[in-house]
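Below is one structure, written out as structure tokens; the observations come after it.
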Amino acid sequence: MDTLLDFAQTFAIQLQKPTLAFLLGGMAVAAFGSKLSIPDSVYRFIVFMLLMRIGLEGGMEIREADFRAILLPAIFAVVIGCAIVLIGRFSLASLSAVNKTDGIATAGLFGAVSASTLAAGLVVLEENEIFFEAWVPALYPFMDIPALVVAIVLAHMSEQKTNGKNTERPKAWPILVDSLRGSALSALILGMILGLITRPEQVFEEFYDPTFKGLLSILMLIMGIEAWGRLSELAKVAHWFAIYALAAPIIHGLLGFGFGYLAHLATGFSPGGVILLAIIAASNSDISGPPTLRAGIPKANPSAYIGSSTAIGTPVAIAVCIPLFITLADIIFA
Amino acid sequence: MDTLLDFAQTFAIQLQKPTLAFLLGGMAVAAFGSKLSIPDSVYRFIVFMLLMRIGLEGGMEIREADFRAILLPAIFAVVIGCAIVLIGRFSLASLSAVNKTDGIATAGLFGAVSASTLAAGLVVLEENEIFFEAWVPALYPFMDIPALVVAIVLAHMSEQKTNGKNTERPKAWPILVDSLRGSALSALILGMILGLITRPEQVFEEFYDPTFKGLLSILMLIMGIEAWGRLSELAKVAHWFAIYALAAPIIHGLLGFGFGYLAHLATGFSPGGVILLAIIAASNSDISGPPTLRAGIPKANPSAYIGSSTAIGTPVAIAVCIPLFITLADIIFA
Amino acid sequence: MDTLLDFAQTFAIQLQKPTLAFLLGGMAVAAFGSKLSIPDSVYRFIVFMLLMRIGLEGGMEIREADFRAILLPAIFAVVIGCAIVLIGRFSLASLSAVNKTDGIATAGLFGAVSASTLAAGLVVLEENEIFFEAWVPALYPFMDIPALVVAIVLAHMSEQKTNGKNTERPKAWPILVDSLRGSALSALILGMILGLITRPEQVFEEFYDPTFKGLLSILMLIMGIEAWGRLSELAKVAHWFAIYALAAPIIHGLLGFGFGYLAHLATGFSPGGVILLAIIAASNSDISGPPTLRAGIPKANPSAYIGSSTAIGTPVAIAVCIPLFITLADIIFA
Amino acid sequence: MFHAVSKITIIAERLLQKKLIAQIEEAGAKGYTIVDGSGKGEHFVRPGDRATVIKAFSIIRIEAILADEATARALAEEITKIHFKDYSGIVYLSPIEVVRKDKF
Amino acid sequence: MFHAVSKITIIAERLLQKKLIAQIEEAGAKGYTIVDGSGKGEHFVRPGDRATVIKAFSIIRIEAILADEATARALAEEITKIHFKDYSGIVYLSPIEVVRKDKF
Amino acid sequence: MFHAVSKITIIAERLLQKKLIAQIEEAGAKGYTIVDGSGKGEHFVRPGDRATVIKAFSIIRIEAILADEATARALAEEITKIHFKDYSGIVYLSPIEVVRKDKF
Ligand SMILES: Nc1ncnc2c1ncn2[C@@H]1O[C@H](COP(=O)(O)O)[C@@H](O)[C@H]1O
Ligand SMILES: Nc1ncnc2c1ncn2[C@@H]1O[C@H](COP(=O)(O)O)[C@@H](O)[C@H]1O
Ligand SMILES: Nc1ncnc2c1ncn2[C@@H]1O[C@H](COP(=O)(O)O)[C@@H](O)[C@H]1O
Ligand code: NA
Ligand code: NA
Ligand code: NA
């Protein structure tokens with residue numbers, strides 16, 4: 001009961017914070033039928049700015065990091081990414097009302113990671129002055145890429161079985177390279193490398209850092225507008241997608257939290273790191289995942305997986321999961 | 001005489017301020033035939049940023065506002081908006097050399113409000129350290145929407161009379177909703193709501209506020225370039241439009257000043273508020289008004305009303321009216 | 001030997017600075033085949049911001065400048081611009097393996113000036129706390145325009161000779177006007193005029209200046225991506241273009257350094273000014289030059305001159321020449 | 001195997017987009033493609049990518065392929081009649097050939 | 001003097017751009033032109049300039065002129081067969097006339 | 001009632017925009033529509049929306065409808081002769097049908 005109250009309170013506080021407020025504001029504005037929109041080029045630039053900022057900071061702080069401490073969370077990230085897709089494969093995708101290929105693609109997207117949710121999580125942790133290891137955002141690709149690879153391979157296997165035909169099996173390597181070449185991961189990794197091997201401290205402090213929260217507020221507005229706009233898409237596919245999209249971020253986040261807790265016990269992974277790992281697990285890819293899945297699982301209907309992710313998954317991950325895991329950490333690490 | 005000197009001096013000082021300087025710079029650059037231009041997506045983003053900033057501030061300060069103090073200026077704003085259109089209907093639009101429908105549409109645009117002029121006014125007041133109630137920008141829709149509604153209804157009535165046919169009369173409600181859905185008013189109102197019910201103080205102070213003047217300088221440059229570019233448009237319609245566009249902002253502004261003064265006497269509306277109400281009245285819509293009018297008065301020639309407003313009305317409102325009303329307030333409230 | 005060591009050290013330090021790091025990062029990202037890209041409208045806006053910032057600062061400080069001190073460097077800039085094109089005409093363009101018109105156009109581009117290299121030079125000088133006269137960036141057009149005029153006239157003369165036909169000779173005046181109308185020079189000059197005759201101090205300090213380094217880092221990233229992308233273009237034309245593009249910035253820069261040194265002896269031109277003049281001379285136009293040349297020398301193959309400049313010339317000017325001339329100044333003015 | 005079908009192209013103010021699309025869909029088109037543009041006609045010049053201040057006035061170019069020529073002709077006439085007395089715009093039909101007739 | 005040639009127009013997801021261009025060039029086209037667009041078909045609505053979150057799904061319109069009609073027809077059939085079972089897209093051919101036949 | 005008219009499409013460097021429009025208007029066209037594009041031809045690849053560093057080199061696609069076919073043909077030949085020896089670009093004519101012949 002207390003927990004629930006705690007969560008309600010954290011949630012109420014978060015609601016007042018710009019991150020969540022702009023997300024809901026975007027949804028409200030779109031629901032009202034407003035023509036307000038942020039130009040596409042501005043959106044893409046904002047995503048670049050946020051990921052470059054996250055990458056630079058990660059890179060600069062990783063210099064002093066103990067690489068052994070990173071190892072376990074990184075392995076866990078891979079495991080979580082794969083596990084989420086397998087869970088989806090044997091829950092959502094095995095329902096008779098759900099097209100199997102669509103279900104697997106959706107599970108792949110929910111296993112993958114959202115840059116905007118990650119950025120929102122970072123800001124909320126900072127606002128709550130919760131410490132976390134600066135390299136935690138670097139876990140992103142470790143969960144993201146395996147999830148996409150597993151989803152594409154599973155979809156292929158399932159189609160094989162249905163068609164009987166023996167087409168070439170998809171290889172992990174090209175999918176991995178393709179993922180790394182996506183604009184989101186490229187920006188993040190470039191930022192990390194620049195942070196690690198050069199001295200971008202000044203430009204970070206004068207430019208990338210001070211604009212972070214402001215740009216995030218605009219990104220949240222965009223995500224809110226987009227979420228509302230995609231709801232109609234989702235209405236065209238089976239209800240199960242909506243139900244999955246509601247529950248999955250919470251379940252995946254708890255899975256992430258559990259693994260994070262193990263790492264806490266084993267190697268002293270910080271509570272903030274545990275929360276962040278849970279947020280990464282709860283998130284579902286909105287930028288880089290969809291094109292990779294579209295190319296890798298062409299028979300899957302994008303309305304199903306993009307609708308599930310953008311219209312419901314991401315708002316739930318940001319609005320429900322972030323405050324939820326902070327509350328949970330409060331209780332567990334109290 | 002002294003007044004004129006005063007105005008000349010205020011004007012000379014304003015000329016040196018970036019707001020006016022960038023506006024004139026834009027006109028000069030365009031007159032020189034330069035290819036300098038600001039990309040459309042950047043322009044739309046800047047307008048969003050300015051209106052969100054104005055909205056957030058208004059919303060945050062409205063929390064403590066005395067709603068009775070707002071009532072009278074809000075009613076006056078509605079009255080001014082309607083009055084301006086009626087004045088235009090019986091002056092410009094009743095000239096035999098002027099197409100009646102074009103004249104009414106132009107009057108509608110001059111009754112409506114310009115976000116860029118409002119932003120410029122706010123910055124100039126701040127620079128001159130003139131206090132005003134933070135909710136004054138919220139008067140924008142109270143003047144803007146009635147003016148558009150009245151213009152559309154009048155245009156319809158005049159066409160009825162000419163054609164003899166009895167077509168359906170336009171309703172106020174859909175025009176109001178359409179206006180609120182426009183990107184400018186949506187951003188302003190979303191900002192106000194977020195400012196009112198959430199706690200955006202930090203993102204406001206770190207992001208929206210510090211970029212305000214800089215972004216405004218770029219908007220002024222764009223308005224200047226656009227003004228020059230639209231002059232040729234204006235040349236295609238009757239001279240009366242140019243004459244109206246020169247005089248109207250000053251007359252409407254004085255009307256606004258007068259009503260503001262009444263509110264000052266009645267409820268202690270601040271001198272800064274009076275100036276701002278005059279600026280809002282003097283301004284003519286450049287973003288949201290034209291599409292609403294285009295949809296509502298399709299027979300009106302956009303060259304007439306957009307040319308009048310963008311090429312002459314807005315530069316006069318910014319360059320002449322803002323310093324004029326500050327000087328006037330100096331004298332009257334001295 | 002010591003000099004070489006010195007240069008190696010300066011170079012190593014510069015490598016760590018964001019300017020160079022983002023340039024190389026952009027090249028690396030493009031070489032990896034990443035889809036990371038900055039939207040075109042953001043790119044054009046960044047260039048505007050940088051040139052406006054440079055212009056404003058130049059304009060504000062020029063107020064107190066001694067115009068006699070500017071005269072000699074300005075004359076030298078004109079001389080250098082013309083000399084570079086003549087050197088190119090009698091070296092690159094006279095090789096039998098090189099199409100003469102393509103060679104002259106390339107020489108014209110290398111005689112002209114790059115806004116991004118200039119901006120990078122300014123930031124590096126500032127980071128190294130090297131003083132220079134604030135009007136030095138104003139030398140840009142004095143070198144840029146003569147180089148383009150000379151190249152277009154030379155190309156015309158050479159085509160005359162080949163064809164025997166007597167077509168109209170290109171006039172300098174329209175080329176000059178066209179150059180000044182380009183978006184880059186327009187922004188720079190507008191900034192200077194606004195800086196000179198108005199009071200933009202506040203907006204400069206709050207907006208244009210603090211974003212300068214950050215925006216430059218993004219511009220460098222873009223230049224890097226673009227450089228890599230254009231390499232394939234360059235492969236289509238004679239190798240001599242690549243060799244010229246490698247050597248020319250250094251040679252031109254040394255020429256600029258020499259003239260700067262003369263000005264130092266004659267009128268006390270500062271060491272920082274000498275470095276900057278060398279950087280301007282070393283730079284090759286990437287924004288305004290190409291369209292002017294395309295219009296003026298239509299028979300020249302853009303792949304030749306744009307490939308040479310963007311793929312090799314600009315990276316060499318930024319990555320090699322800037323640290324080189326700083327080291328050289330260290331030695332000479334020690 | 002190729003099939004002769006009709007393509008209708010509409011160039012109009014962005015303002016009309018919603019209404020035009022509704023009409024196209026009602027006429028039975030299974031899809032449409034829109035590109036942004038700028039242009040000049042009787043009315044006034046519409047700038048392209050430059051900051052336009054009034055975006056709603058910019059031009060869009062909609063094309064829709066219809067399997068049945070008569071439907072396309074009727075749609076073109078209807079759109080002309082309803083919109084292009086008051087608003088800017090033009091419509092034209094082009095003869096084209098497609099591979100999958102049942103797709104349109 | 002004018003020459004009758006074939007124009008092939010492909011409207012497809014941006015995702016396919018690289019592959020489509022490779023096929024066009026392989027078929028012998030000496031050039032192509034691409035414009036960005038948005039649209040709706042069987043699959044789903046593709047927003048235009050609004051922040052789309054998923055850019056790769058937006059629509060491109062490629063046109064290529066081919067001197068030889070048979071080649072154009074073969075290319076249209078090949079593209080339909082290879083891509084448009086799984087991915088969104090349409091192809092059509094238009095008869096056009098050009099001045100310089102050897103250019104295509 | 002439909003009328004057969006000619007549509008001229010010009011794909012060229014943005015650099016030529018002003019001159020091309022002047023020629024189109026001089027030939028008597030009452031309007032034209034421009035869309036931005038990218039492409040590849042003999043000369044070189046023109047990137048699209050990516051930061052291009054050199055915008056003036058990007059491609060535009062102009063289309064203009066002319067009521068008179070002979071005029072359209074003359075215009076196509078003139079543009080080819082004047083510009084497309086030195087500059088990049090192509091022109092083609094398409095047969096189309098319009099509702100309001102007097103509009104063009
Ligand atoms: N003859 C034409 N050829 C091509 N496009 C045209 C033509 N006339 C008009 N347009 C296009 O249709 C839009 C509206 O035309 P209008 O209704 O004549 O103002 C213009 O902005 C052009 O984009
Ligand atoms: N009948 C049509 N007319 C014009 N464009 C179409 C048509 N059908 C489909 N398209 C375009 O082709 C894209 C993919 O179509 P589809 O494969 O049906 O989803 C759509 O987004 C439209 O841009
Ligand atoms: N065969 C073709 N089909 C379609 N567009 C072409 C073709 N050839 C050239 N183009 C377009 O015309 C532009 C200039 O062509 P070019 O003069 O050959 O460099 C190219 O960038 C393309 O956009
Ligand atoms: Na996930
Ligand atoms: Na007004
Ligand atoms: Na140079």
Side-chain angles (χ1 to χ4, degrees), chain A residues 11-47 49-50 53 119-120 123-124 126-129 205-222 224-225 228 319, chain B residues 38-53 55-56 59-60 63 115 141 174 176-212 214-215 287-288 290-292 294-295:
Chain A
F11 184 74
I13 293 172
Q14 289 311 322
L15 258 181
Q16 305 248 346
K17 292 275 168 70
T19 308
L20 208 48
F22 276 83
L23 180 77
L24 299 177
M27 296 176 81
V29 148
F32 176 62
S34 162
K35 297 188 199 85
L36 180 62
S37 74
I38 304 294
D40 183 55
S41 47
V42 173
Y43 160 68
R44 285 187 286 141
F45 180 60
I46 289 176
V47 171
M49 288 287 292
L50 298 182
R53 146 70 171 72
V123 164
V124 174
E126 250 178 57
E127 279 173 354
N128 288 283
E129 293 177 8
E205 269 151 42
E206 286 178 9
F207 185 68
Y208 289 98
D209 196 42
T211 53
F212 189 58
K213 282 184 201 170
L215 293 176
L216 182 71
S217 73
I218 297 171
L219 181 63
M220 289 296 109
L221 186 70
I222 295 172
I225 294 174
W228 191 266
Chain B
I38 304 294
D40 183 55
S41 47
V42 173
Y43 161 68
R44 286 187 286 141
F45 180 60
I46 289 176
V47 171
F48 164 80
M49 288 287 293
L50 298 181
L51 287 166
M52 179 54 75
R53 145 71 172 74
L56 285 174
M60 292 185 311
R63 287 180 209 149
L176 185 142
V177 170
D178 192 62
S179 293
L180 291 174
R181 278 181 180 157
S183 55
L185 272 184
S186 287
L188 181 73
I189 294 172
L190 175 64
M192 294 193 68
I193 295 176
L194 290 177
L196 189 61
I197 67 178
T198 74
R199 290 277 167 272
E201 273 76 3
Q202 203 193 356
V203 80
F204 176 82
E205 270 152 40
E206 286 179 9
F207 184 68
Y208 290 98
D209 195 43
T211 52
F212 189 56
L215 293 176
I287 296 165
S288 37
T292 303
R294 183 75 181 126

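Letters go in sequence order (proteins before strands), and every chain restarts at 1.
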For side chain to side chain contact (heavy atoms under 4.5 Å, CB included), just list the numbers for B:Leu190 and A:Phe22, CA-CA rounded to whole Å, side-chain angles, deciding distance to a tenth of an Å, and then say yes or no. CA-CA 9 Å; B:Leu190 175 64; A:Phe22 276 83; 5.6 Å; no

Listed by chain and number, what are the side-chain contact (heavy atoms from CB on, under 4.5 Å) partners of A:Ile13, not counting sequence neighbours? A:Lys17

Euclidean distance, A:Phe45 CZ relative to B:Phe45 CZ, rounded to 0.5 Å: 9.0 Å

Residue pairs passing the side chain to side chain donor-acceptor pair (under 3.5 Å) test with at least one member in residues 212-221 of chain A, sequence neighbours excluded, are A:Lys213-B:Gln202, A:Ser217-B:Tyr208

Testing the basics here: between B:Val203 and A:Gly214, what is the closest heavy-atom pair and its distance to 0.1 Å? CG2-CA, 3.5 Å

Evaluate A:Asp209 against B:Glu206 for side chain to side chain contact (heavy atoms under 4.5 Å, CB included), listing each step before the verdict. CA-CA 11 Å; A:Asp209 196 42; B:Glu206 286 179 9; over 6 Å; no

Please evaluate residues A:Ile218 and B:Met52 with respect to the criterion side chain to side chain contact (heavy atoms under 4.5 Å, CB included), reporting the C-alpha separation (whole Å), side-chain torsions for both, the decisive distance (0.1 Å), and the verdict. CA-CA 10 Å; A:Ile218 297 171; B:Met52 179 54 75; over 6 Å; no

In chain order, what residues pass the side-chain contact (heavy atoms from CB on, under 4.5 Å) check against B:Ala187, with sequence neighbours excluded? A:Leu36, B:Phe48, B:Leu51

Flag side-chain contact, heavy atom, 4.5 Å: B:Arg181 against A:Val29: no

Heavy-atom closest pair, residues B:Arg44 and A:Ser37: NH1-OG, 4.4 Å

Chain A contacts: which residues in residues 193-201 of chain B have a non-hydrogen atom closer than 4.5 Å to it? B:Leu194, B:Ile197, B:Thr198, B:Arg199, B:Pro200

Atom group of A:Leu215 that falls short of 4.5 Å from chain B, counting heavy atoms: both

